[in-house]
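Below is one structure; the comments refer to it alone.
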Protein chains: 2
Amino acid sequence: MRKRAPEERLVVSTSDPPGSVAELLARADRLAGHTLGEVAVVVGEQVPEDFRRAKGWTGRVVERVLGAHASSRAEPDFPRLGIELKTIPVDREGRPRESTFVCSVPLTQMAFETWPTSLVFKKLKRVLFIPVQADPDRPIASRRLGNPLLWSPGADDLAILQEDWEAFLDLVTRGFVESVTAHRGTALQIRPKGKNARARRWGLDEEGDVFRTPPRAFYLRASFTAQILRRSFMLPSSGLGLR
Amino acid sequence: MRKRAPEERLVVSTSDPPGSVAELLARADRLAGHTLGEVAVVVGEQVPEDFRRAKGWTGRVVERVLGAHASSRAEPDFPRLGIELKTIPVDREGRPRESTFVCSVPLTQMAFETWPTSLVFKKLKRVLFIPVQADPDRPIASRRLGNPLLWSPGADDLAILQEDWEAFLDLVTRGFVESVTAHRGTALQIRPKGKNARARRWGLDEEGDVFRTPPRAFYLRASFTAQILRRSFMLPSSGLGLR
DNA sequence: TTGGATCCATTTTTGGATCCCA
DNA sequence: TGGGATCCAAAAATGGATCCAA
């Protein structure tokens with residue numbers, strides 16, 4: 001595992017968005033090998049004991065340390081660059097431990113979308129993945145960030161994503177959203193996402209009438225992101241930068 | 001003006017919703033003649049110096065003292081009773097000093113409504129008006145509540161409201177929302193309502209496409225509510241209960 | 001393993017209205 | 001005077017994700 005020596009202090013100028021892709025990548029490279037504890041110090045946050053009550057903590061602190069304009073809604077994290085940032089928790093073998101949230105399912109509005117205009121496509125066009133050690137027995141403060149990966153879907157990935165998305169479009173717009181389980185989809189899946197199982201949003205039934213149904217979101221399957229990481233980091237002179 | 005003597009202390013059990021219309025009216029009657037300062041003590045709120053930075057304060061404290069389930073969204077304030085609560089600021093002659101907010105205009109959804117299914121109709125079917133002294137030179141803490149008025153629109157009022165609403169429906173669904181000013185409507189009007197003049201929502205243009213436009217809301221004209229108060233409180237043995 | 005459930009921070013919307021200048 | 005602008009609190013939605021039981 002790559003550990004940075006003490007003299008390689010994590011020095012960053014936060015709060016200003018990166019002016020170019022090169023600058024963003026340079027910042028992300030500088031982060032690699034450093035721990036979440038170090039990142040926390042830089043952004044002035046306490047490290048939580050565990051993630052049970054702080055599930056989005058890693059994503060938020062990494063956004064801030066990279067200068068993402070913390071929650072620029074309905075746009076990529078770096079709007080000028082058209083890049084979406086995703087931290088991805090990995091095990092000791094570098095495999096994703098979780099699926100990756102993409103965006104919520106616009107239950108009543110999806111009928112007005114096409115694949116190229118969809119939020120899923122817009123978010124996934126360019127993603128900066130940052131792997132983060134996530135073996136459960138390692139304390140959060142000592143978990144290290146890996147090498148960043150700026151990814152865009154290739155023709156093969158695009159075909160699969162579009163196929164999945166269009167199948168969901170068909171089901172959702174025809175009123176079958178309640179029959180959609182997380183089993184569907186090769187790369188993309190739809191899962192519940194809300195405050196709890198009682199949360200409700202408006203959806204469309206088979207007659208086109210609105211009704212209350214649990215909120216849902218699109219996720220990338222862990223098997224899909226695993227393949228992305230494998231492909232990229234198996235190139236010569238490349239790697240996760242972790243163990 | 002009716003002033004309650006000190007021994008008539010304002011004693012209420014807050015936090016529990018009234019179980020019947022009779023109970024709600026009894027509570028509202030007990031409030032009449034008491035001041036906003038007294039109400040503030042009961043609900044444990046500070047009285048603001050003026051309303052420039054606390055515009056909805058009166059409505060909120062009166063809701064709470066009457067046991068309205070503070071913001072039961074998309075429903076009347078007393079869902080079990082089907083009653084909407086409105087405080088109404090009146091001058092020394094008992095005339096409304098302001099128009100009355102009804103609900104926001106569902107710009108993209110209005111096409112799917114009819115008068116009987118509309119939120120305007122649902123909210124106005126039964127309203128409990130509570131007059132509140134509002135001459136500008138009277139300190140807020142000493143302003144008194146008047147006699148409550150449980151109102152339902154009569155056939156004449158209903159006809160006017162429906163006519164107004166359907167004219168707005170026509171304009172909004174045909175894409176002319178931006179040409180609607182507060183001059184339109186006999187009883188009901190549409191006015192901007194948002195954080196500020198730069199706020200934007202989605203609306204429908206003449207082609208049926210969505211576009212950004214200022215958020216708007218339905219209001220009852222002061223002249224309309226003035227007539228409601230006049231009619232009701234000019235009945236024998238009835239009155240505002242103020243001066 | 002993984003599908004369904006859940007958690008926090010932050011932004012946006014809604015509901016309560018009154019302000020204020022042409 | 002009243003039409004357009006504005007203000008606050010609270011709820012809901014959104015975006016960041018991880019938890020956990022079968």
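- Across all strands shown, A:R95 has no heavy atoms under 4.0 Å from either base or sugar-phosphate atoms.
- Nucleic acid contact class of A:T100 (heavy atoms, under 4.0 Å, all strands): none.
- For the pair A:R191 CZ and C:dA5 P, the computed distance is 11 Å after rounding to whole Å.
- In the set D:dA5, C:dC20, D:dA17, the nucleotide with an atom closest to the side chain of A:T87 is D:dA17.
- A donor-acceptor contact under 3.5 Å links the side chain of B:K55 to the base of D:dT6.
- Residue A:F101 places its side chain closer to D:dA17 than to any other of D:dA17, D:dG4, C:dA5.
- The line from CD of A:Q109 to CH2 of A:W202 is 14.0 Å long, rounded to the nearest 0.5 Å.
- Remark: B:R52 is not in phosphate contact with C:dC19, judged by side-chain N or O atoms under 4.0 Å from OP1 or OP2.
- In this structure, the separation between OG1 on B:T35 and CZ on B:R138 is 10.5 Å, given to the nearest 0.5 Å.
- Annotation: side chain of B:R27 is not in contact with side chain of B:P148 (no heavy-atom distance under 4.5 Å).
- Legend: residues meeting ring pair (Phe, Tyr, Trp, His ring centres under 6.0 Å) with B:F101, ordered by chain and number and at least two apart, are B:Y219.
- For B:R198 and D:dT6, the shortest distance from a side-chain N or O to OP1 or OP2 is below 4.0 Å.
- Relative ring orientation between A:W151 and A:F224 is described as perpendicular, the plane-to-plane angle rising above 60° on a 0-90° scale split at 30° and 60°.
- As judged by a 4.0 angstrom heavy-atom cut-off over every strand, A:R216 is placed among residues making no nucleic acid contact.
- Put simply, CD1 on A:I88 is 13 Å from C1' on D:dT18, counting in whole angstrom units.
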Full working for side-chain hydrogen bond (donor to acceptor under 3.5 Å, both in side chains) between A:S104 and A:R201: CA-CA 11 Å; A:S104 64; A:R201 302 291 315 279; 5.7 Å; no

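- In this structure, A:E63 atom CD and C:dT10 atom C1' are separated by 11 Å, rounded to whole Å.
- Atom CG of A:D77 is separated from atom C1' of D:dA17 by 13 Å (rounded to the nearest Å).
- Within 4.0 Å (heavy atoms only), A:T58 reaches no atom of the nucleic acid at all.
- Side-chain atoms of B:A182 lie closest to D:dG3 of the nucleotides C:dT18, D:dG3, D:dC19.
- Separating the CD atom of A:E98 from the C1' atom of C:dG3 is a distance of 11 Å, rounded to the nearest angstrom.
- In this structure, B:E84 reaches the sugar-phosphate backbone alone: every heavy-atom distance under 4.0 Å involves primed, P, OP1 or OP2 atoms, never a base.
- When the nearest nucleotides of DNA chain C are assigned to B:P89 and A:R97 by heavy-atom distance, the more 5′-ward of the two goes with A:R97.
- When each of A:L85 and B:V180 is assigned the nucleotide of DNA chain D bearing its nearest heavy atom, the one mapping closer to the 5' terminus is B:V180.
- Residue A:R201 has a polar side-chain atom (N or O) positioned under 4.0 Å from OP1 or OP2 of D:dA13.
- Using a 4.0 Å heavy-atom cutoff across all strands shown, A:S99 reaches at least one base atom of the nucleic acid.
- Atom NZ in B:K86 sits about 8 Å away from atom C1' in C:dA17, given to the nearest Å.
- Of the nucleotides present, C:dT1 is the one that pairs with D:dA22 by Watson-Crick or G-U wobble criteria, both distances under 3.5 Å.
- Nucleic acid contact class of A:G56 (heavy atoms, under 4.0 Å, all strands): base.
- In this structure, A:K195 places its NZ atom 15 Å from C1' of D:dA17, rounding to the nearest Å.
- For A:R200 and C:dA5, the CZ to P distance is 9 Å, given to the nearest whole Å.
- With DNA chain C read from its 5' end, the first of the two nearest nucleotides for A:K193 and A:R221 is the one closest to A:R221.
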